[in-house]
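Report on the following structure.
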Amino acid sequence: MYSQEFLQSEAERRAQWTQKCGEIAPSNDFCAVAVVSRFNPTEFVESSYGFTAGIPPEIRTKWCANYTRTFYLAGDPGNISARFPPAYISTDGSVAWYGPDIIAATTNLRKLLRPLVGTSEIVNTVEVVRSDNNETLSPSAAVLAVEMNETTAERYLIHSNHIVSEALTMGLLDGTDSIKLRLVDRIDSEEGPYDYLRIAADYDRPELLRCYAALKLSPQHRVFANSITVDIGSAELRSSAVAAREGR
């Protein structure tokens, strides 16, 4: 398990990076919208990955300056796509993405559909999320671990989208990576080293921090993350693996 001191240090560094994104690409009330008809852990991560990879860098940075704020709505993308053409739709048609844009631009869509409230149980599994050749991934693929213990579908969407979209914006993922999804009872630092963490307040004990998702880069990208700092303009952020070795 990660110590509270380490999690606090990581959370503060993420906040500093987000502030720098805002200085580079100023924006207020910037958001994305995901319309979800059915919950599928693999399809959702694939759609988050594909959506974010297709966003122009400046817009992506503006979104990250707003902490990749996303509204999750319950609805059938097939029923609204003519009126609201999505920016990206999942391979199975269960998730449609809109934006990122100013919140006002999403008002009509958000008025039409209700917020998604998911209570579905998450089943432990190892699944391919994205592969260039649509075959079983090699050990060189990146690994995304997401906690499933006491995690609802709604929380899963939030945590997995944050870590995927932020990693793409930082350049830890480049939009062509193969990724393997692992759903685990709890994120364990001993199974790392992980290169990027999703940290938030513990739902049961809000005074504490908790790691809800963790990304382990493929070997070629770990060389990048371990040798230099991730640079967004003047915003620098070392990978979690480096910070852990330095005792932070």
Side-chain angles (χ1 to χ4, degrees), residues 11 29-52 55 63-64 66-125 127 129 144-167 181-187 197-215:
D29 296 331
F30 219 65
C31 73
V33 175
V35 176
V36 183
S37 63
R38 59 185 177 275
F39 176 65
N40 182 308
T42 303
E43 289 291 340
F44 180 79
V45 169
E46 190 282 329
S47 72
S48 172
Y49 189 93
F51 168 66
T52 306
I55 300 171
W63 188 30
C64 277
N66 286 266
Y67 293 91
T68 55
R69 184 179 185 181
T70 303
F71 292 93
Y72 301 95
L73 306 178
D76 186 343
N79 291 339
I80 63 171
S81 59
R83 181 179 174 186
F84 298 98
Y88 186 90
I89 192 162
S90 64
T91 55
D92 70 345
S94 65
V95 187
W97 288 87
Y98 298 84
D101 206 338
I102 58 173
I103 289 181
T106 69
T107 299
N108 290 338
L109 179 58
R110 290 186 292 109
K111 284 182 177 179
L112 177 66
L113 302 174
R114 69 183 188 278
L116 186 148
V117 179
T119 58
S120 303
E121 294 183 0
I122 299 177
V123 181
N124 190 9
T125 186
E127 296 183 85
V129 174
L144 174 62
V146 183
E147 183 175 308
M148 67 175 184
N149 186 30
E150 299 178 359
T151 298
T152 64
E154 182 182 11
R155 292 174 180 176
Y156 174 90
L157 303 184
I158 293 170
H159 296 312
S160 62
N161 182 47
H162 273 301
I163 194 168
V164 168
S165 58
E166 291 166 9
L181 173 64
R182 295 183 62 240
L183 302 179
V184 298
D185 288 332
R186 197 74 182 260
I187 303 297
L197 307 177
R198 162 62 180 166
I199 299 166
D202 191 306
Y203 290 110
D204 298 323
R205 295 178 293 173
E207 72 278 7
L208 300 179
L209 293 173
R210 186 162 168 174
C211 178
Y212 285 98
L215 179 68

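Residues take their numbers from the sequence shown, with the count starting at 1. The model shown is predicted, which means the values in this text are computed figures rather than measured ones.
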Would Glu147 and Arg210 pass as an ion pair if we require N to O under 4.0 Å? yes
Please step through side chain to side chain contact (heavy atoms under 4.5 Å, CB included) for the pair Leu113 and Ile80, ending with a clear verdict. CA-CA 10 Å; Leu113 302 174; Ile80 63 171; 3.9 Å; yes
Keeping to residues at least two apart or across chains, list the side-chain hydrogen bond (donor to acceptor under 3.5 Å, both in side chains) pairs with something in residues 102-112. Thr106-Arg110
Among all residues two or more places apart in sequence or in another chain, which pass the salt bridge (Lys or Arg N to Asp or Glu O under 4.0 Å) test with Arg38? Asp92
dist Ile158:CD1 -> Arg69:CZ (nearest 0.5 Å) comes out at 12.0 Å
Ignoring hydrogens and angles, tell me if any N or O in the side chain of Asp202 forms a donor-acceptor pair with the backbone of Leu209 under 3.5 Å. no
Side-chain donor or acceptor of Thr70 paired with backbone N/O of Thr68 under 3.5 Å: yes
Heavy-atom pair of closest approach, residues Val35 and Pro77: O-CG, 3.9 Å
Give a yes-or-no answer on whether the side chains of Asp76 and Ser37 include a donor-acceptor pair shorter than 3.5 Å. no
Run the side chain to side chain contact (heavy atoms under 4.5 Å, CB included) test on Tyr72 and Val33 for me, step by step, so that the C-alpha distance in whole Å, both residues' side-chain angles and the decisive distance to 0.1 Å come before the verdict. CA-CA 6 Å; Tyr72 301 95; Val33 175; over 6 Å; no
Closest contact, heavy atoms only, Leu183 versus Met148: CB-SD, 4.1 Å
Are Thr91 and Glu43 linked by a side-chain donor-acceptor pair shorter than 3.5 Å? yes
Describe, in one word, how the ring planes of Phe51 and Trp97 are oriented to each other, choosing from parallel (under 30°), tilted (30 to 60°) and perpendicular (over 60°). parallel
Distance in Å, Ser47 OG paired with Ile89 CD1, rounded so as to fall on 0.5 Å steps: 9.5 Å
Under 6.0 Å from the ring centre and within 45 degrees of the ring axis: does the NZ or CZ of Arg155 meet both conditions for the six-membered ring of Tyr212? no
Checking side chain to side chain contact (heavy atoms under 4.5 Å, CB included) for the pair Phe44/Ser90: CA distance, chi angles, key distance, verdict? CA-CA 7 Å; Phe44 180 79; Ser90 64; over 6 Å; no
Taking only residues two or more places apart in sequence or in another chain, which ones pass side-chain hydrogen bond (donor to acceptor under 3.5 Å, both in side chains) with Ser81? none
